[in-house]
Amino acid sequence: MEQKGLNLNYAPETLFYGSSTMRLWNTLNMDFLDYKPVNLGFGGSTLAACVWFFERIMKPYQPKRLFVYAGDNDLGDGRHPEEVFIFFQEMAVKINTRFGNIPVYFISLKPSISRWHLANVFRFTNGLIETEIASYAPNWHYVDVFNTMLGANGKPLPALFDYDGLHLSPQGYALWRSIMLNCIQRKG
(Lines give C-alpha, C1' and ligand atoms only; values in the text may rest on other atoms or scores of the structure.)
Protein backbone atom coordinates (compact mmCIF):
# COMPACT_ATOMS: atom_id res chain seq x y z
CA MET A 1 0.00 0.00 0.00
CA GLU A 2 1.33 3.47 -0.84
CA GLN A 3 0.94 6.64 1.15
CA LYS A 4 2.14 9.86 -0.43
CA GLY A 5 5.11 8.17 -2.04
CA LEU A 6 5.86 5.88 0.90
CA ASN A 7 5.66 2.13 0.63
CA LEU A 8 3.89 0.79 3.67
CA ASN A 9 4.70 -2.74 4.66
CA TYR A 10 1.44 -3.12 6.57
CA ALA A 11 -2.29 -2.72 6.16
CA PRO A 12 -3.15 0.56 7.93
CA GLU A 13 -5.04 0.19 11.20
CA THR A 14 -5.21 3.84 12.27
CA LEU A 15 -6.36 6.54 9.88
CA PHE A 16 -5.64 10.23 10.43
CA TYR A 17 -8.01 12.32 8.31
CA GLY A 18 -8.52 16.04 7.95
CA SER A 19 -6.84 19.31 7.16
CA SER A 20 -3.24 20.43 6.85
CA THR A 21 -2.76 20.06 10.61
CA MET A 22 -2.84 16.33 9.88
CA ARG A 23 -1.08 16.53 6.51
CA LEU A 24 1.90 18.43 7.94
CA TRP A 25 2.46 15.93 10.76
CA ASN A 26 5.81 14.73 9.43
CA THR A 27 6.53 12.36 12.31
CA LEU A 28 3.07 10.77 12.41
CA ASN A 29 4.17 7.42 10.98
CA MET A 30 6.90 7.06 13.59
CA ASP A 31 4.79 8.56 16.39
CA PHE A 32 2.09 5.90 15.94
CA LEU A 33 4.17 3.10 14.43
CA ASP A 34 2.70 0.45 16.75
CA TYR A 35 -0.80 1.36 15.50
CA LYS A 36 0.01 1.06 11.77
CA PRO A 37 -0.93 4.63 10.79
CA VAL A 38 -1.72 6.27 7.51
CA ASN A 39 -1.93 10.03 7.08
CA LEU A 40 -4.89 11.05 4.90
CA GLY A 41 -4.78 14.77 5.65
CA PHE A 42 -4.97 17.22 2.77
CA GLY A 43 -3.99 20.87 2.80
CA GLY A 44 -6.62 23.59 2.98
CA SER A 45 -9.26 21.02 3.72
CA THR A 46 -12.49 22.01 5.37
CA LEU A 47 -14.86 19.70 7.19
CA ALA A 48 -17.14 20.21 4.19
CA ALA A 49 -14.36 18.94 1.88
CA CYS A 50 -13.69 15.98 4.17
CA VAL A 51 -17.35 15.01 3.82
CA TRP A 52 -17.29 15.54 0.04
CA PHE A 53 -14.17 13.40 -0.57
CA PHE A 54 -14.82 10.81 2.15
CA GLU A 55 -15.87 7.83 0.03
CA ARG A 56 -13.12 8.39 -2.54
CA ILE A 57 -10.34 8.69 0.04
CA MET A 58 -11.53 5.94 2.38
CA LYS A 59 -12.30 3.34 -0.28
CA PRO A 60 -9.18 1.16 0.17
CA TYR A 61 -9.15 1.15 3.98
CA GLN A 62 -10.54 -1.08 6.73
CA PRO A 63 -9.11 0.57 9.87
CA LYS A 64 -9.40 -0.33 13.52
CA ARG A 65 -9.68 3.36 14.50
CA LEU A 66 -9.99 6.81 12.97
CA PHE A 67 -8.84 10.28 14.06
CA VAL A 68 -10.45 13.33 12.45
CA TYR A 69 -9.28 16.94 12.60
CA ALA A 70 -11.25 19.41 10.48
CA GLY A 71 -13.49 22.45 10.87
CA ASP A 72 -10.77 24.98 11.63
CA ASN A 73 -10.61 26.17 8.00
CA ASP A 74 -14.41 26.27 7.70
CA LEU A 75 -14.60 28.84 10.49
CA GLY A 76 -11.54 30.67 9.15
CA ASP A 77 -13.36 30.96 5.81
CA GLY A 78 -16.35 32.60 7.51
CA ARG A 79 -18.72 29.66 7.94
CA HIS A 80 -20.95 29.67 11.01
CA PRO A 81 -20.62 27.13 13.84
CA GLU A 82 -24.00 25.64 12.95
CA GLU A 83 -22.78 24.94 9.41
CA VAL A 84 -19.67 23.22 10.75
CA PHE A 85 -21.89 21.21 13.08
CA ILE A 86 -24.04 20.05 10.15
CA PHE A 87 -20.90 18.98 8.28
CA PHE A 88 -19.81 17.09 11.40
CA GLN A 89 -23.16 15.27 11.50
CA GLU A 90 -22.82 14.37 7.81
CA MET A 91 -19.29 13.10 8.43
CA ALA A 92 -20.47 10.98 11.38
CA VAL A 93 -23.13 9.31 9.23
CA LYS A 94 -20.59 8.57 6.49
CA ILE A 95 -18.06 7.18 8.97
CA ASN A 96 -20.59 4.99 10.76
CA THR A 97 -22.01 3.72 7.47
CA ARG A 98 -18.58 2.92 6.04
CA PHE A 99 -16.76 1.60 9.13
CA GLY A 100 -19.44 0.52 11.62
CA ASN A 101 -18.60 1.06 15.26
CA ILE A 102 -14.80 1.35 15.22
CA PRO A 103 -13.45 3.92 17.70
CA VAL A 104 -13.62 7.39 16.14
CA TYR A 105 -11.83 10.32 17.73
CA PHE A 106 -12.84 13.84 16.78
CA ILE A 107 -10.06 16.22 17.73
CA SER A 108 -11.41 19.55 18.94
CA LEU A 109 -10.62 22.66 16.97
CA LYS A 110 -7.32 24.06 18.20
CA PRO A 111 -6.82 27.57 19.64
CA SER A 112 -4.39 28.88 17.04
CA ILE A 113 -2.66 32.23 17.44
CA SER A 114 -3.58 33.39 13.94
CA ARG A 115 -7.29 32.71 14.52
CA TRP A 116 -7.45 33.76 18.15
CA HIS A 117 -9.90 36.52 17.20
CA LEU A 118 -12.34 33.64 16.53
CA ALA A 119 -11.69 31.90 19.87
CA ASN A 120 -15.28 32.21 21.09
CA VAL A 121 -16.59 30.90 17.77
CA PHE A 122 -14.19 27.93 18.05
CA ARG A 123 -15.30 27.28 21.64
CA PHE A 124 -18.97 27.37 20.63
CA THR A 125 -18.36 25.00 17.70
CA ASN A 126 -16.36 22.64 19.90
CA GLY A 127 -19.22 22.68 22.41
CA LEU A 128 -21.80 21.74 19.77
CA ILE A 129 -19.68 18.84 18.57
CA GLU A 130 -18.72 17.68 22.06
CA THR A 131 -22.39 17.62 23.12
CA GLU A 132 -23.36 15.66 20.01
CA ILE A 133 -20.60 13.11 20.58
CA ALA A 134 -21.60 12.69 24.24
CA SER A 135 -25.13 11.75 23.15
CA TYR A 136 -23.99 9.75 20.12
CA ALA A 137 -22.81 6.18 19.69
CA PRO A 138 -20.36 5.00 22.37
CA ASN A 139 -17.62 4.42 19.77
CA TRP A 140 -17.25 8.20 19.25
CA HIS A 141 -14.84 10.21 21.41
CA TYR A 142 -14.26 13.94 21.71
CA VAL A 143 -10.56 14.79 22.14
CA ASP A 144 -10.10 18.21 23.77
CA VAL A 145 -6.87 19.79 22.59
CA PHE A 146 -8.20 23.36 22.82
CA ASN A 147 -7.86 23.78 26.58
CA THR A 148 -4.61 21.81 26.76
CA MET A 149 -2.98 24.24 24.32
CA LEU A 150 -3.70 27.32 26.44
CA GLY A 151 -1.24 28.88 28.86
CA ALA A 152 -1.89 30.22 32.35
CA ASN A 153 -2.95 33.52 30.75
CA GLY A 154 -5.77 31.73 28.87
CA LYS A 155 -4.14 32.28 25.46
CA PRO A 156 -2.49 29.83 23.05
CA LEU A 157 1.00 28.71 24.03
CA PRO A 158 3.29 30.11 21.29
CA ALA A 159 5.76 27.21 21.58
CA LEU A 160 3.07 24.84 20.29
CA PHE A 161 2.75 26.68 16.97
CA ASP A 162 4.82 27.07 13.83
CA TYR A 163 5.93 30.49 12.57
CA ASP A 164 2.52 31.09 10.90
CA GLY A 165 0.65 30.87 14.21
CA LEU A 166 -1.77 28.38 12.63
CA HIS A 167 0.02 25.08 12.19
CA LEU A 168 1.69 23.07 14.92
CA SER A 169 5.35 23.11 15.88
CA PRO A 170 7.19 19.89 16.77
CA GLN A 171 6.23 20.61 20.42
CA GLY A 172 2.59 20.96 19.39
CA TYR A 173 2.68 17.63 17.61
CA ALA A 174 4.40 16.03 20.61
CA LEU A 175 1.53 17.23 22.81
CA TRP A 176 -1.07 15.90 20.37
CA ARG A 177 0.78 12.59 20.15
CA SER A 178 0.65 12.21 23.92
CA ILE A 179 -3.05 13.04 24.07
CA MET A 180 -3.94 10.73 21.19
CA LEU A 181 -1.87 7.79 22.41
CA ASN A 182 -3.63 8.13 25.76
CA CYS A 183 -6.97 7.96 23.93
CA ILE A 184 -5.99 4.80 22.06
CA GLN A 185 -4.70 3.14 25.21
CA ARG A 186 -7.91 3.96 27.12
CA LYS A 187 -10.52 3.43 24.40
CA GLY A 188 -8.99 1.21 21.72
Side-chain angles (χ1 to χ4, degrees), residues 1-6 8 11-26 28-29 32 36-112 114-115 118 121-137 139-146 162 164 166-168 173 176 180 183:
M1 176 142 313
E2 294 224 0
Q3 177 205 344
K4 299 179 184 172
L6 296 177
L8 299 178
E13 293 180 357
T14 307
L15 305 183
F16 294 84
Y17 186 54
S19 68
S20 57
T21 298
M22 287 294 192
R23 184 185 65 80
L24 295 171
W25 196 331
N26 296 326
L28 188 138
N29 284 351
F32 296 92
K36 299 180 180 174
V38 68
N39 187 337
L40 301 173
F42 54 106
S45 152
T46 58
L47 192 51
C50 286
V51 171
W52 179 261
F53 291 111
F54 184 81
E55 284 91 358
R56 185 181 320 169
I57 292 173
M58 296 297 168
K59 188 175 185 174
Y61 300 105
Q62 292 298 327
K64 291 185 177 180
R65 68 192 62 79
L66 171 64
F67 284 91
V68 177
Y69 181 80
D72 193 328
N73 291 329
D74 301 75
L75 295 175
D77 290 346
R79 286 195 170 106
H80 296 280
E82 292 81 2
E83 291 176 276
V84 175
F85 178 63
I86 290 168
F87 294 133
F88 168 78
Q89 290 177 314
E90 290 175 8
M91 173 69 70
V93 168
K94 286 182 180 282
I95 290 171
N96 287 343
T97 300
R98 174 71 175 83
F99 295 128
N101 61 357
I102 66 167
V104 180
Y105 303 92
F106 186 86
I107 302 163
S108 72
L109 305 180
K110 67 185 181 307
S112 62
S114 66
R115 292 186 173 154
L118 297 171
V121 174
F122 276 52
R123 282 187 181 103
F124 183 72
T125 306
N126 281 337
L128 290 173
I129 293 171
E130 182 178 19
T131 300
E132 180 77 356
I133 288 173
S135 64
Y136 210 59
N139 62 304
W140 278 79
H141 310 285
Y142 179 80
V143 181
D144 180 14
V145 296
F146 189 97
D162 204 355
D164 63 3
L166 178 62
H167 297 101
L168 299 180
Y173 283 118
W176 278 36
M180 293 159 77
C183 290

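This chain uses plain numbering: 1 for the first residue, then up along the sequence.
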So, H167 versus S20: side-chain donor-acceptor pair below 3.5 Å or not?
-> yes
To the nearest 0.5 Å, tell me how far L166 CG sits from D72 CG.
-> 5.5 Å
State the CD-CG distance between Q89 and L47, to the nearest 0.5 angstrom.
-> 10.5 Å
Would you check if the distance from the ring center of W25 to the ring center of F32 is below 6.0 Å?
-> yes
N96 and N101, any side-chain heavy atoms less than 4.5 Å apart | no
Check whether any side-chain heavy atom of Y173 lies under 4.5 Å from a side-chain heavy atom of N26, and answer yes or no.
-> no
If we ignore angles and hydrogens, is there a donor and acceptor under 3.5 Å between the side chains of N139 and R65?
-> no
Considering only heavy atoms from C-beta outward, does the side chain of I95 approach that of E90 to under 4.5 Å?
-> no
Close aromatic pair by centroid cut-off 6.0 Å: F67 and Y17 = no
What's the spacing between M91 CE and L66 CG if we round to 0.5 Å?
-> 8.0 Å
For the residue pair Y105 and W140, is the inter-centroid distance of their aromatic rings smaller than 6.0 Å?
-> no
Considering all heavy atoms, the nearest P37-F16 contact = CB-CE1, 3.7 Å
Determine whether R79 and F87 make a side-chain contact, defined as any pair of heavy atoms from C-beta on separated by less than 4.5 Å.
-> yes
Audit row: E55, R98, salt bridge (charged side-chain N to carboxylate O under 4.0 Å, His left out) steps and yes/no = CA-CA 8 Å; E55 284 91 358; R98 174 71 175 83; over 6 Å; no
Can you tell me how far CZ of F85 sits from CG of D74, rounded to the nearest 0.5 angstrom?
-> 14.0 Å
Taking the side chain as every heavy atom from C-beta outward, state whether M58 and L40 have any pair of such atoms under 4.5 Å apart.
-> yes
N/O donor-acceptor pairs under 3.5 Å from side chains in residues 123-130, not counting sequence neighbours:
unit_1	atom_1	unit_2	atom_2	d
R123	NH1	N120	OD1	3.2
T125	OG1	V121	O	2.8
N126	OD1	L109	N	2.8
N126	ND2	L109	O	3.2
N126	ND2	F122	O	3.4

Out of curiosity, Q62 CD to E13 CD, how far, rounded to the nearest 0.5 Å?
-> 12.0 Å
Nearest heavy atoms of K110 and T21, plus distance in Å = NZ-OG1, 3.0 Å
Counting only N and O atoms by type, is there a donor-acceptor contact under 3.5 Å from the side chain of Y142 to the main-chain atoms of E132?
-> no
Check whether any side-chain heavy atom of L168 lies under 4.5 Å from a side-chain heavy atom of D162, and answer yes or no.
-> no
Might you point out which heavy atoms bring N73 and G44 nearest each other, and give the distance in Å?
-> ND2-C, 3.5 Å
Is there a donor-acceptor pair closer than 3.5 Å between any side-chain N or O of S19 and the backbone N or O of S45?
-> no
Interatomic distance, W176 atom CH2 to M22 atom CE [nearest 0.5 angstrom] = 6.0 Å
Within-4.5 Å side-chain heavy-atom neighbours: D164 and S114 = no
Which heavy atom of I107 sits nearest a heavy atom of Y69, and at what distance?
-> O-CD1, 3.5 Å
Would you say the side chains of T14 and K36 form a donor-acceptor pair under 3.5 Å?
-> no
